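Structure first, commentary second.
Values reported hereafter were calculated over all heavy atoms of this structure, with side chains retained and with hydrogens, waters and symmetry mates removed. These figures come from a predicted structure and were not determined experimentally. Whatever order the structure lists ligands and atoms in, that order sets their numbers, starting from 1.
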Amino acid sequence: MNTLILKPGKEKSLLRRHPWIYAGAVARVEGKPALGATVVVKADDGRFLARAAYSPHSAIRARVWTLNEAEPVDHAFFKRRVQTALAYREAMVPGTAAVRLIFGEADGLPGLIVDRYRGEHGADQLVCQFMAAGVEHWKAALVAALTSATGCPNVYERSDVAVREREGLASITGVLAGAEPPEALLTEESGIRYHVDVRRGHKTGFYIDQRDNRLLIQQQAAGRDVLNCFCYTGGFSLAALKGGARHVISIDSSGEALALAARNAQANGFEASRAEWRDADVFKTLRALREEGKSFDMIVLDPPKFAPSPQHVTRAARAYKDINMAALRLLRPGGQLWTYSCSGAIDGELFQKIVAGAAADAGVDARLLRRLSAGLDHPMLMSFPEGEYLKGLWLQRAD
Ligand code: SAH
């Protein structure tokens, strides 16, 4: 039996149910566990703590499968975890066409993301990201459990993520089961049709996490002039158009994303005159719009992760402040700013401080209407606050 023994006192975080074991906490490993193989984790005094997936190359040396000594890690284990995750989505977000079925640690499957896209022409596609050695090791069992629990025969892998390198795993994409995905799958969200390119789009093709926030925009947009920064394939723009926005300017630096966004607008029958798509840099365009004398009723800022790791926090904070200041200055009195950060390294409190600083420097009164987060299909373990990456603030200019 492969065993990982912790240094004295290093069992504390496991006892608080945190699912990661850092390399620095490990005293020694007995046996020769392969990459991703299951190890029994023991305290210095020999007490059982957990069963975990061994990751010899990573600073996160093991990820917990179970804290229950009576629970073996086998095919039945993964079947149960997948079924539980599915039952939760069926109860909480029933009938949702684009849904996150598995959200890593929050579903007891550290390192695994699975999204499901259903839609027109019988489309039904699972898209997976295997981001840690443990889920990679159990890939076949997980794919079998997923296809049998969902009844969806098509599984595509998008394990082309940088974190795999730290796990000693190569980047990989391709069909794991069923048919090759269509070049653009047509799915639906809140009454809007979206094309999703699961093979070449970001993440699994679509930012499913913003579903609830896109619906809020839809509900607020009637008659408004909207600016959507970092629009990708048009998520918030289409929501605003659907909600009756007067005019929407959308900015992104990816021509490919914009092409799909424009195609999405067309697929929903929105008049082309209500939407303007700009292939440009947001930082520069925010300044240019001010010089043009433009102003807006609603602005969305949903940038990429500015702080991919803790070393980037200072520079990222400056970038967040910069765009938020510029956006607040472009808001009409009473106008709304919807501002997001998906940097795990910047927590909600820090993000709020940064935006408050931006408002102060812009010389505007900003009122916080509501804090925003990802949807119910992206829960967070209380013992694992690292799982909360998406933070949003819904603000109103009150001066
Ligand atoms: N809000 C989107 C997701 C945004 S993802 C949705 O709901 O679907 C972030 C986007 O920012 C990507 O499409 C990327 O191409 C774009 N991007 C990154 N840096 C940029 C920059 N400096 N200027 C404009 N767009 C940028």
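Judged as a salt bridge (charged side-chain N to carboxylate O under 4.0 Å, His left out), and not counting sequence neighbours, Asp252 has no contacts. With sequence neighbours left out, Arg200 forms a side chain to side chain contact (heavy atoms under 4.5 Å, CB included) with Asp197, Glu256.
The ring-ring contact (aromatic ring centres under 6.0 Å, His included) analysis of residues 37-63, with sequence neighbours excluded, yields no pairs.
For an aromatic pair to be called close, the ring centres must be under 6.0 Å apart, and Tyr340 with Tyr207 fails this.
Side-chain contact between Leu216 and Leu372 is present, with heavy atoms from C-beta onward closer than 4.5 Å.
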Enumerate, one pair per line, all nitrogen or oxygen atoms of ligand 1 lying under 3.5 Å from a protein nitrogen or oxygen, stating the separation to 0.1 Å; write 'none' if no such pair exists.
from     : atom 1 : to     : atom 2 : distance (Å)
ligand 1 : 1 (N)  : Phe230 : O      : 3.4
ligand 1 : 1 (N)  : Asp302 : OD2    : 2.7
ligand 1 : 7 (O)  : Arg214 : NH1    : 3.0
ligand 1 : 13 (O) : Asp252 : OD1    : 3.3
ligand 1 : 13 (O) : Asp252 : OD2    : 2.7
ligand 1 : 15 (O) : Asp252 : OD1    : 2.6
ligand 1 : 22 (N) : Asp281 : OD1    : 2.7
ligand 1 : 23 (N) : Val282 : N      : 2.9
ligand 1 : 25 (N) : Ser253 : N      : 3.1
ligand 1 : 25 (N) : Ser253 : OG     : 3.2

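Checked options Arg100, Arg89, Arg211; the residue passing with Asp115 is Arg100 (criterion: salt bridge (Lys or Arg N to Asp or Glu O under 4.0 Å)).
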